[in-house]
Structures are given as C-alpha cells and as structure tokens.
Amino acid sequence: MPFFAGNDTIKELRTALADPAVQADKNRYRQVLRRVVSLMTDGADMSPLFPDIIKASATSDLVQKKLTYLYICNYAAVQQDLALLAVNTLQKDCLEPNPMVRGLALRTMCSLRIPSLVEYIQMPLKKGLQDSSAYVRRNAVNGCAKMLHVAPEIIQDAGVINQLYGMIRDKDPIVVVNCLQVLEEILQAEGGVVVNKNIAHYLLNRVQDFSEWGQCQVLHFLLKYKPSEEEETFDIMNIVDVCLKHSNSGVIMAALKYFLFLTQDMPQIQEQVYNRAKSPLLNIITSGGPELSYVALCHIQYILKTSPGLFNKDFKKFFCRYNDPLYVKTKKLQVLTEMATDGTENDIVEELSMYCTDVSNDLATASIQAIGKIARRLPTSASHCVGTLLKIHGLQQEHITSAVLMALKDLVLLYPDIVSKVTPLLPNCVDLVQEGPAKATLVWMMGQYGHTLPNGPYILEDMIENVASEISVQVKLELLTATAKMFFNRPAECQDMLGRLLEYCIDEDTNMAVRDRALMYYRLLHTDVQQARRVILGAANRPVQIQDSDAPGQEVINLKDLNTLVPIYGRRRWDVMVEERRRKEDQTKLTNGTSDNTDMGAKGGEEDNLETLEETIYLVSHYNLTPQEFETKWEQLDCVTTVHLDYDPTHSPNGLLQKLEGAHIFTMASSPEDATPWKAFLFAVAELKEQTHLMLVELCLDRMAATMQATCKFDADQMEDAVPLISQFGRVLRGTITSSS
C-alpha cells in the first residue's frame with residue numbers, strides 16, 4: 001500500500017543528490033538514485049524530489065539516465081508543471097550520437113502521456129521512425145501506440161499510418177512486429193491492419209527471422225489474408241510447415257491455427273493437418289511442464305469435437321503419470337472419456353479403475369464419473385463398465401461408494417436390464433453414504449427399485465426415524481417420494497411410516513419445499529388413491545435416452561478460438577468474463593468522468609449518493625418534441641453513454657414503453673412489437689441545478705440474447721452535469737425495465 005516517506009528521508013536524499021562529492025563519484029550517485037527508485041517502487045511518495053531528479057537527468061552516464069527517466073515517467077502525471085522542465089533534456093538526448101540514449105529519451109517522452117507536452121514530442125517521434133538505429137525505431141513505433149491515447153489526431157494522420165505500413169518492410173524483425181501491433185491498435189475501428197498479398201508473402205518469406213514471440217504474432221496477422229488459389233495455399237503451407245517442428249509450444253499452436261485456417265474449405269487436407277499436428281501436441285503433453293500440458297490437453301479436447309478419432313491410436317499417452325498435478329490428471333480423464341471407442345474402451349476403463357484408489361478423493365471420484373460417462377456414450381461397453389463399477393463398489397469407502405451410486409443412477413435409467421445387478425448393493429450403502437447428493441441418490445434408487453428387496457421398506461423406515469436430524473432438503477424431498485412409491489408397491493408395510501413422515505413434514509419441518517410436497521401427497525392420497533398412484537409413479541420404468549452435451553462430434557469448433565483462452569475456459573464462460581470485464585472498465589471510466597461508452601447500471605458511488613440525487617434531479621412530466629427536432633438533436637448531442645440490461649423477451653415491449661411513460665420517459669417512435677430487432681426512440685427532460693437537460697434514448701432489444709441496449713445522449717455542457725444525469729436516468733431506466741421483466 002502506498003505510504004509517505006518521512007521528511008528526514010526526503011531531506012537526506014535531497015542532500016545526497018546535491019552533494020558535489022557524491023556527484024563526482026559515479027557509483028555513489030548511482031546508489032542514491034537506486035535508493036530513490038527502490039523507495040518509489042515500494043510505494044513511498046518520492047515526488048518532492050522531482051526537481052532534483054530532473055537536474056540529475058542531465059548526465060552522460062547511461063545508468064543514471066535510466067534511473068532518472070524511470071522516476072520521471074512515474075511522477076510526471078502528478079507533477080505536470082515540473083515535467084515541462086525535463087522536456088529540454090529529453091529533446092537534447094533525442095539528438096545524441098548514442099542510439100541507446102536516443103531510444104531511451106524517446107521512450108521516456110512518449111511515456112509521459114501529458115497532453116500539454118504533445119507539441120514537444122511530435123517532431124522527435126517522427127524523426128525516430130526514420131532513425132538509422134533499430135532500437136530507436138522500435139521505441140518510436142511503440143511510442144505511436146502510447147501517443148494514440150493522448151493525441152489520437154496526430155497518430156491517426158494518414159502520413160503516420162502510411163509510414164508505419166512502409167516500415168513493415170523494415171530490416172529489423174522486431175520493428176516489423178511492432179508496426180503490425182501498432183497498426184492493429186490504431187486502425188481498430190476500421191477492422192485493424194490490412195494484410196494484402198504482398199505483405200503476406202513478405203512476412204512468410206521472413207518468418208524464420210522473427211523471434212518466437214514474433215513468429216506467433218506474424219502467424220496471427222497472416223490470418224487476415226486468405227489465398228485465392230489452391231496452389232498458393234500449398235506454397236504457404238510448405239513455408240510454414242517448419243513452424244510445426246518448432247521447440248516453442250506457442251509457435252506450434254499458432255502454426256496449427258494458421259494451417260486449419262488455410263484448409264477450412266478443404267476437409268480432406270484439413271484432416272491431414274490434424275494428423276500432422278498430432279506429434280507436436282503429444283510432445284507438449286509428454287515432455288512439457290504441467291502448465292503447458294494442461295493447455296495442450298484443453299486444445300486437444302477442443303479438437304476432438306470435430307475429429308473424434310484423431311488420437312485413438314495414441315490413447316495410452318494420455319494415461320496419468322505419478323507426478324502429474326491433480327488438474328492435469330483431471331483433464332486427462334476428460335480427454336480419455338471423449339476419445340474412448342469400442343476398440344479402446346477395455347484398456348481405458350481398466351486404467352480408470354486403477355485411479356479409484358488414488359490418495360486424492362477428487363481424482364477417485366472423477367475416474368468413477370468417467371467410467372459412467374463412457375458407459376452412457378458407448379452402449380456396447382455398458383456391461384463391462386457396470387461390472388467395473390460394481391467391483392469398485394466393493395472397496396467399501398464412503399467417497400467411492402457415493403461416486404458409484406451417482407454413476408449408476410443414470411445407467412439404470414438408460415439400461416433397465418442392469419437393475420437386478422444394482423439393487424442388491426443398496427442395503428450395504430446405507431451406512432456408508434452420508435453425503436447429501438449421494439444419499440439423495442440412494443433414497444431415489446430405494447424408492448424406484450427398493451420394493452424388490454425383502455427389507456426395502458425397513459431401510460426407508462430407519463431413515464424416517466432420523467428425518468428430524470437430516471440437514472439436506474434434497475434428501476427429505478427424495479425420502480417423501482421414495483416412501484410414497486414404496487407405499488403403492490407394498491402398502492401394508494409402508495402405510496404407518498408414510499403417515500408418520502407426512503405428519504412430521506407438514507407439522508414440524510420448516511422448509512417450505514418439503515412442506516409443500518408433503519401437503520400435495522397428503523391431499524392426493526386423501527382425494528383419490530388411484531389418481532395419486534398415476535401421479536407419483538408415472539412412467540417410472542420407461543427407458544430414457546441420456547445425452548452428454550459435451551460428447552465429441554456434436555460441435556464444430558471455431559478456428560478463431562484456437563490458441564486463445566476459449567478452449568481453457570469454454571466459449572460461454574469466456575464471453576461472460578469478457579463482458580464482465582468490459583462493464584467494469586466502463587463503470588470505472590464513468591466514475592472518472594471520461595467515458596464515451598459506459599454502463600449506467602454501475603452501483604458503488606451512485607448508491608451512496610442516492611438520496612442527494614433524488615432531491616436535486618427531476619424528470620419533467622410534460623414536454624413537446626417533434627420528430628424533426630428529435631432527429632436534429634440526436635445528430636448534435638455528443639455526450640453519449642450506453643446501458644446494457646437483462647430483459648425477459650417474453651414480456652411485451654409495448655408494456656415496457658407504457659411503464660417508461662409513467663416514469664416520464666416518452667416514446668417518439670417504435671418498431672412493431674414482433675420486429676427483430678425491436679427498436680424504440682425515447683426522450684425525457686430532467687431538471688438539475690435549476691436547469692433543464694434533454695435526454696434522448698435509442699432502445700434495441702435482442703431477443704436471442706435476452707438483453708436490451710440503450711444508447712443515450714445528453715444535453716450537458718459539462719461532464720460534472722452529465723454524471724448525475726447518467727446516474728439518475730440509468731437507475732430510472734434499469735428499475736423500470738427490471739420491474740417489467
């Protein structure tokens with residue numbers, strides 16, 4: 001956490017920096033500067049030394065320059081007036097014969113990011129792009145990206161962009177990669193850097209000149225160019241083939257992604273690409289570290305969705321090693337489960353059964369779940385898998401028995417012929433299984449098949465005797481249903497205990513779900529026993545088809561997701577993470593008063609000032625605005641923000657407009673209710689500080705995503721006026737839409 005250095009420390013350092021004896025000794029002076037930077041890095045406030053450090057920067061010692069420039073970059077934002085004093089020294093250093101000094105000075109100038117100093121940076125930056133030293137050119141190109149956020153009008157100038165495009169042919173490979181990255185950022189609104197045939201072939205011919213990181217970036221940018229002829233495609237593949245043999249896993253994955261991109265319209269060739277990539281991927285798993293192995297396994301699992309049989313002959317390489325961490329072992333189990341076939345199922349299940357005795361309960365549970373999943377995927381292997389699960393059950397350990405019951409629950413529904421093998425095991429599980437979900441599974445199986453056991457009703461009776469001490473609501477609900485089912489199959493033995501269970505659940509249990517189910521059963525039995533039988537038993541013995549949503553071969557992968565975090569997190573989770581991060585950034589920008597695209601649903605400070613906003617901002621109940629005036633104002637207003645809201649698509653948009661009108665947000669025009677996408681234009685007038693401000697809104701409903709986007713424009717001259725308007729209006733809009741959903 002940042003802290004303030006004591007006055008004595010500041011005085012001591014200032015005295016040392018001004019001491020002629022210290023200045024004369026290069027090593028002692030470096031030590032003083034290192035101490036300043038060290039304290040600054042630890043969070044101490046060294047800003048009072050800013051004038052002294054600026055003086056120290058006027059030196060010929062390169063080490064001192066690096067230390068002083070690091071300090072200046074850190075404190076220039078809080079000492080903007082004094083930072084102007086450093087510009088003269090930096091400009092002089094940009095003309096030094098030493099390229100290291102020139103590059104360091106240029107990098108420091110671009111890192112200041114102070115709008116008032118842009119005029120002093122513009123000329124050295126343009127000269128740096130034409131410097132004879134590759135180090136200076138690298139810093140100049142990176143400086144363009146830094147200055148984009150300070151003075152975009154300078155960097156987006158056609159002359160700078162054309163110059164950067166020309167520097168793609170620079171003889172230094174790092175400069176080339178930097179230019180591609182910077183152009184991608186500058187031209188982001190236009191779709192990024194344009195890679196035509198000439199640029200693509202130039203980069204391909206130089207691909208071996210780049211570093212490992214550079215090769216990854218170049219292969220990524222080459223995805224922007226699609227060869228027009230098949231012959232050209234094969235020529236490119238011959239050039240890039242060497243990257244699949246690279247020792248760096250990042251280069252291998254980038255090359256694989258590029259190969260799949262080139263062959264996306266050639267299925268037969270693409271299958272050969274998969275086979276060509278097998279060996280590098282397996283090498284990463286067997287010889288790489290655990291982190292790289294995990295990433296490679298995630299990508300293999302992702303590839304198996306379109307090429308299920310790719311690794312069938314190499315399945316033994318996915319067996320767990322003794323020194324694999326748990327997360328790698330778990331991922332290997334998932335991959336083994338998805339690649340199991342009729343020919344490899346015996347070996348894979350045998351291997352998985354060995355993991356059931358692992359010291360890690362999590363791995364043992366995951367291996368049992370994997371065996372059950374294989375049985376569901378491969379009907380021909382069901383008998384072998386069930387036999388293996390029954391053998392594992394004989395280990396008589398709680399976590400193993402619980403996992404076996406959970407796996408068998410799905411299998412008895414899918415394969416009714418195994419019920420006779422499973423039910424004799426249930427009495428032995430009663431004392432072992434204590435965990436909520438597993439115990440609920442046991443109770444369900446007792447209710448479904450326990451009537452065939454001689455002591456089935458008495459097992460349930462023992463559970464009913466202890467129902468008051470049962471914590472799990474799920475177990476209680478299953479016990480109610482199981483006892484009712486047992487009653488219809490063996491009424492004489494179950495009538496009394498069913499009555500006691502219903503009485504307890506209705507009169508004493510505090511959970512409403514348990515009480516409601518007990519009341520439903522009681523009323524059904526009291527009204528019509530035969531009707532109750534049809535309701536409670538239903539079609540219990542009908543075979544069902546259970547499908548795994550992540551079964552291989554059911555999904556086509558998106559090539560853009562390879563070599564990204566999507567195979568690791570999953571597409572849906574990754575989209576949620578990206579959206580959440582974007583909303584947090586927008587909320588932060590709104591708080592700082594600098595956002596052009598902001599989520600008005602931010603909480604935090606808005607909620608703290610809720611009462612104040614209610615007293616100072618009012619929406620006018622009557623206001624006349626013609627469509628022509630609305631259109632004119634929409635083009636004129638430039639204070640814009642965007643709201644992203646969840647919306648139930650089953651609700652009527654017209655009902656929403658009526659509620660918004662009740663909140664004094666009026667409709668100017670709207671699409672038909674069944675239109676896709678549905679849009680509406682609204683307006684409102686707010687009174688703030690004895691002034692009126694016009695607000696215009698465009699609503700856009702995405703029924704598929706169940707979200708609504710509201711683009712709002714405000715008639716506010718100052719950002720401090722727009723922030724409370726955004727806050728208040730966002731709360732009104734969010735509250736109205738939420739209440740309607």
Side-chain angles (χ1 to χ4, degrees), residues 204 207 215-216 219-220 222-223 225-227 230-288 292-319 328 331-345 347-348 377-378 548 550-568 570-571:
L204 286 166
V207 70
Q215 289 184 33
C216 293
L219 291 172
H220 169 72
L222 285 172
L223 294 173
Y225 172 69
K226 178 70 173 177
E230 188 173 298
E231 183 180 356
E232 183 184 1
T233 300
F234 288 126
D235 291 339
I236 292 175
M237 293 173 64
N238 289 332
I239 295 174
V240 182
D241 183 69
V242 67
C243 295
L244 286 175
K245 304 174 185 177
H246 205 284
S247 59
N248 183 273
S249 58
V251 177
I252 294 173
M253 294 308 302
L256 173 59
K257 183 175 182 178
Y258 187 48
F259 269 71
L260 294 176
F261 166 76
L262 292 173
T263 59
Q264 57 186 342
D265 298 328
M266 298 181 286
Q268 294 181 349
I269 303 299
Q270 192 170 77
E271 192 63 29
Q272 296 179 22
V273 171
Y274 282 128
N275 290 320
R276 178 68 180 81
K278 271 200 323 182
S279 179
L281 289 173
L282 291 173
N283 287 337
I284 296 174
I285 295 174
T286 55
S287 60
L292 286 177
S293 297
Y294 181 81
V295 174
L297 286 168
C298 290
H299 279 77
I300 288 173
Q301 187 180 19
Y302 199 66
I303 292 172
L304 285 175
K305 294 177 180 179
T306 55
S307 186
L310 181 61
F311 294 92
N312 284 352
K313 296 181 180 179
D314 306 288
F315 68 93
K316 290 186 178 181
K317 293 190 177 182
F318 295 89
F319 288 172
V328 173
K331 183 57 66 174
K332 283 185 175 181
L333 293 186
Q334 296 175 8
V335 175
L336 284 170
T337 303
E338 295 186 8
M339 68 168 53
T341 62
D342 293 336
T344 61
E345 171 267 331
D347 292 332
I348 291 177
R377 285 187 53 243
L378 304 174
D548 293 316
D550 54 350
Q554 294 184 355
E555 183 178 342
V556 178
I557 63 174
N558 187 345
L559 293 175
K560 294 181 180 179
D561 294 339
L562 284 175
N563 203 26
T564 67
L565 293 176
V566 173
I568 298 174
R571 165 52 61 189

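At least one donor-acceptor pair under 3.5 Å links the side chain of Asn238 to the backbone N or O of Phe234. Looking at Arg276, its side chain never comes within 3.5 Å of a backbone N or O of Leu256 through a donor-acceptor pair. Using a distance-only test at 3.5 Å, with no hydrogens or angles considered, a donor-acceptor pair links the side chain of His299 to the main chain of Asn563. A side-chain donor-acceptor contact under 3.5 Å links Lys226 to the backbone of Phe261.
Annotation: the span from Phe259 atom CZ to Ile236 atom CD1 amounts to 10.0 Å, rounded to 0.5 Å. With rounding to the nearest 0.5 angstrom, the CD1 atom of Ile300 is 10.0 Å from the NZ atom of Lys332. Here CZ of Arg377 is found 8.5 Å from OG1 of Thr341. Values are rounded to the nearest 0.5 Å. In this structure, the separation between CG on Leu292 and CG on Asn283 is 12.5 Å, given to the nearest 0.5 Å. Summarising the geometry, atom CG belonging to Leu262 is positioned 11.5 Å from atom CD belonging to Glu230; distances are rounded to the nearest 0.5 Å. Tyr294 OH to Ile284 CD1: the interatomic distance, rounded to the nearest 0.5 Å, is 15.5 Å.
The side-chain tip of Lys317 does not point at the ring of Phe311 from less than 6.0 angstrom away and within 45° of straight on.
The two atoms that bring Pro567 and Cys298 nearest to each other are O-CB, 3.6 Å, heavy atoms only. Scanning all heavy atoms of the two residues, the minimum distance from Glu345 to Leu378 falls at CB-CD1, 4.2 Å. Here the closest heavy-atom approach between residue Leu281 and residue Met253 is recorded as CD2-SD, 3.5 Å. Cys243 and Ala255 make their closest contact through CB-CB, 3.6 Å (heavy atoms, listed as atom of the first residue, atom of the second, distance).
A 4.5 Å side-chain heavy-atom check between Leu204 and Val240 finds at least one atom pair inside the cut-off. The closest side-chain heavy-atom distance from Thr344 to Leu336 is not below 4.5 Å.
The 12-atom threshold is not exceeded at NZ of Lys560, counting heavy atoms of other residues, nucleotides or ligands nearer than 6.0 Å.
Evaluation of the side-chain hydrogen bond (donor to acceptor under 3.5 Å, both in side chains) test over residues 263-272, restricted to residues two or more places apart or in two chains, returns Glu271-Ser307. Screening residues 242-258 for side-chain hydrogen bond (donor to acceptor under 3.5 Å, both in side chains), with sequence neighbours left out, gives Glu212-Asn248. Applying the salt bridge (Lys or Arg N to Asp or Glu O under 4.0 Å) test to pairs two or more places apart or on separate chains, those with a residue in residues 277-288 are Lys278-Asp314.
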* Asked: Can you check side-chain contact (heavy atoms from CB on, under 4.5 Å) on Phe318 and Leu297, steps first, answer last?
  -> CA-CA 9 Å; Phe318 295 89; Leu297 286 168; 3.7 Å; yes
